[in-house]
Amino acid sequence: MKLKLYIALVGILSSGFSTIQAQFKSYYYPDHEIGINLKAGWNQAYGSLPQGIGSDRAFTMAFGLQYDYYVSPTWSLGIGGQYAMQTTNFSGTNLKGKRSYIDTENDTFTFSYLGKKYKEEWKVNQFNLPLTVQYVGKGETSLYVRTGIQFSVIMSSKTTLTWNNLTAEGYFPQYNVVFDHPWFAGFGDKEKMESKPKLDLKNRWAWIAEVGVKHNLKSNQNLYVGVYLDLGLNNQSPAVSTTKEDLITYKPELDNAIEFNSIQQQSAAVFKNYSVGIQLRYGIGL
């Protein structure tokens, strides 16, 4: 008789537990969730930029996978992998410089330049590895918040420099003469000049945060819609063997007398960036 009562009690408790678990299971994942995410937004640089240079907003996007382990119905720990593509733009107007050099005939002169419009564009592909913690509210539709750190491996970076309406001159004090031509010697006017120096940005650390709304589509399937912030923490300026403090420098080489330099090569430059935008994630509970 006692055995039958014990078995009946266990059955009642098991049934009650299953009912409670079923109520939560529609909205929460007691163990695992795997998701696909897509985000897009605006990227902009900040830090110590050269005088006269400003950063313009540019497009960025990323897509990848997200895994979360739920330590409770509302808290989870997450790790992911994302392939990201971003553009960073810099621009300036009426940029000029002046410095003394020695030409191919060992004469000392003052080289000066003036560019009406300057643009520097970085196109970067990177792989993001976010490590996060997330809170999800209770209910079919609820608020969620996610934050953490992210390490990004730079897969490729391409730098393009563009000068418009550029003038370069050389003043030789010993002759009291100003040379404004020919171009092969480093002097003259050019409507447009473009250069693509090969420079490798350093890998990136960032603080990331996201807030939005989670909606339960059906059992064990959630849609997350939110806004995100990705704030770079470290200086990504590449290591260069010789710093270049001027955007344009003179070289005593005929037919190759002018060298166009990136702002990345300046010794005092500090390059960080941040992005804001919208993120979508579709998650499946396991």
Looking only at side chains, do Thr159 and Gln264 share a donor and an acceptor under 3.5 Å apart?
-> yes
Looking only at atom types and distance, does a side-chain atom of Ser142 sit under 3.5 Å from a main-chain N or O of Gly137, one as donor and one as acceptor?
-> yes
Sequence-distant partners of Glu245, salt bridge (charged side-chain N to carboxylate O under 4.0 Å, His left out), two or more places apart = none
For residues Ala58 and Asn89, report the shortest heavy-atom separation together with the two atoms involved.
-> CB-ND2, 3.8 Å
Looking at side-chain heavy atoms only, is the closest gap between Trp75 and Val133 below 4.5 Å?
-> yes
Assess whether atom CD of Gln174 is packed by more than 12 heavy atoms of other residues, nucleotides or ligands within 6.0 Å.
-> yes
Close side-chain approach of Leu280 and Val225, heavy atoms under 4.5 Å = yes
When rounded to the nearest 0.5 angstrom, what is the spacing between CD in Gln150 and CG in Leu129?
-> 8.0 Å
Over all atoms of both residues, closest heavy-atom pair of Asn128 and Ala62 | ND2-CB, 4.5 Å
Scan side-chain atoms only and decide if Gln126 and Tyr83 contain a donor-acceptor pair under the 3.5 Å cut-off.
-> no
Atom NZ of Lys244: over 12 foreign heavy atoms under 6.0 Å = yes
How long is the span from the OH atom in Tyr46 to the CZ atom in Phe271, to the nearest 0.5 Å?
-> 13.0 Å
Within a strict 4.5 Å, meaning less than it, do heavy atoms of the Trp122 and Lys158 side chains meet?
-> no
Do Asn273 and Leu231 have side chains that get closer than 4.5 Å, going by heavy atoms?
-> no
Crowded around Lys202 NZ? As in, over 12 foreign heavy atoms under 6.0 Å?
-> yes
Which pairs with one or both residues in residues 118-131 pass salt bridge (Lys or Arg N to Asp or Glu O under 4.0 Å), sequence neighbours excluded?
-> none
Looking only at side chains, do Gln279 and Tyr224 share a donor and an acceptor under 3.5 Å apart?
-> no
Name all pairs fulfilling the salt bridge (Lys or Arg N to Asp or Glu O under 4.0 Å) condition that reach into residues 43-72, sequence neighbours left out, sorted by first residue then second.
-> Asp68-Arg146
Output for pair (Lys98 NZ, Ser112 OG), nearest 0.5 Å, gives 6.0 Å
If two hydrophobic side chains count as joined below 4.5 Å and joins carry through other members, does Ile154 share a cluster with Phe90?
-> yes
Path from Phe179 to Tyr113 over hydrophobic side-chain contacts below 4.5 Å | yes
Between Thr60 and Ala40, is there a donor-acceptor pair closer than 3.5 Å when you use the side chain of the first and the backbone of the second?
-> no
How far apart are the C-alpha atoms of Val145 and Thr147, what are their side-chain angles, what is the distance that settles it, and do they pass the side chain to side chain contact (heavy atoms under 4.5 Å, CB included) test?
-> CA-CA 7 Å; Val145 179; Thr147 187; 5.6 Å; no
Between the side chains of Thr88 and Asn43, does any donor sit under 3.5 Å from an acceptor?
-> yes
In this structure, are over 12 heavy atoms from other groups packed under 6.0 Å from Lys251 atom NZ?
-> yes
Taking the side chain from Asp103 and the backbone from Pro252, do they hold a donor-acceptor pair closer than 3.5 Å?
-> no
Enumerate, atom names and distances included, each donor-acceptor pair closer than 3.5 Å involving a side-chain atom of residues 160-172, sequence neighbours excluded.
from   : atom 1 : to     : atom 2 : distance (Å)
Thr167 : OG1    : Asp189 : OD1    : 2.9
Tyr171 : OH     : Asn176 : OD1    : 3.2

hydrophobic_cluster_shared for Leu247 and Val270, side chain cutoff 4.5 Å = no
Same cluster (ILVMFWY, side-chain, under 4.5 Å), Trp183 and Leu114 = no
Taking all atoms of both residues into account, what is the closest heavy-atom pair of Ala45 and Ser55, and its distance?
-> N-OG, 3.0 Å
More than 12 heavy atoms of other residues, nucleotides or ligands under 6.0 Å from CD1 of Ile278: is that the case?
-> no
Please state whether the rings of Tyr101 and Phe111 are parallel, tilted or perpendicular, taking 30° and 60° as the class boundaries.
-> perpendicular
Ser157 side chain near Asp200 side chain, heavy-atom distance below 4.5 Å | yes
By side chain to side chain contact (heavy atoms under 4.5 Å, CB included) - contacts of Val227 (at least two apart) | Val211
Can you tell me how far OG of Ser152 sits from CZ of Phe127, rounded to the nearest 0.5 angstrom?
-> 9.5 Å
When you look at Asp107 and Ile102, which way does the side chain to side chain contact (heavy atoms under 4.5 Å, CB included) test go after all the steps?
-> CA-CA 5 Å; Asp107 286 330; Ile102 298 176; over 6 Å; no
Hphob cluster co-occupancy, Tyr118 + Met193, side-chain heavy atoms under 4.5 angstrom = yes
Over all heavy atoms of both residues, which pair between Ser100 and Thr110 is shortest? Give the atoms and the distance, please.
-> OG-OG1, 3.9 Å
Check whether the side chains of His32 and Tyr69 place a donor and an acceptor atom closer than 3.5 Å, and report yes or no.
-> no
Could you pull out the closest heavy-atom pair between Phe260 and Ser195, with the gap in Å?
-> CB-CB, 3.8 Å
Side-chain (Gln86) to main-chain (Met61) donor-acceptor, under 3.5 angstrom | no
Closest heavy-atom contact between Ser262 and Pro197?
-> CB-CG, 4.3 Å
For side chain to side chain contact (heavy atoms under 4.5 Å, CB included), just list the numbers for Gln82 and Lys39, CA-CA rounded to whole Å, side-chain angles, deciding distance to a tenth of an Å, and then say yes or no.
-> CA-CA 10 Å; Gln82 300 172 349; Lys39 64 181 182 181; 3.5 Å; yes
Apply the test side-chain hydrogen bond (donor to acceptor under 3.5 Å, both in side chains) to residues Gln221 and Tyr282: give CA-CA distance (whole Å), side-chain angles for both, the deciding distance (0.1 Å), then the verdict.
-> CA-CA 7 Å; Gln221 295 185 37; Tyr282 171 71; 2.4 Å; yes
Gap separating the CD atom of Gln265 from the OG1 atom of Thr249, nearest 0.5 angstrom = 8.5 Å
Could you tell me whether the side chain of Phe109 reaches within less than 4.5 Å of the side chain of Tyr175, counting heavy atoms only?
-> no
Measure the spacing between OG of Ser237 and CD of Gln266 and express it to the nearest 0.5 Å.
-> 9.5 Å
Mark yes when over 12 heavy atoms from residues, nucleotides or ligands other than Leu77 sit less than 6.0 Å from its CG; otherwise mark no.
-> yes
Going by distance alone, is a donor N or O of one side chain under 3.5 Å from an acceptor N or O of the other, for Asn234 and Gln236?
-> no
Listed partners of Arg99 passing salt bridge (charged side-chain N to carboxylate O under 4.0 Å, His left out), at least two apart | Asp246
So, Gln44 versus Tyr274: side-chain donor-acceptor pair below 3.5 Å or not?
-> yes
Test Arg204 against Asp230 for salt bridge (charged side-chain N to carboxylate O under 4.0 Å, His left out), laying out the working first.
-> CA-CA 11 Å; Arg204 180 174 182 268; Asp230 181 328; 2.8 Å; yes
Take Leu217 and Asn222, measure what side chain to side chain contact (heavy atoms under 4.5 Å, CB included) needs, and give me the verdict at the end.
-> CA-CA 6 Å; Leu217 300 174; Asn222 278 348; over 6 Å; no
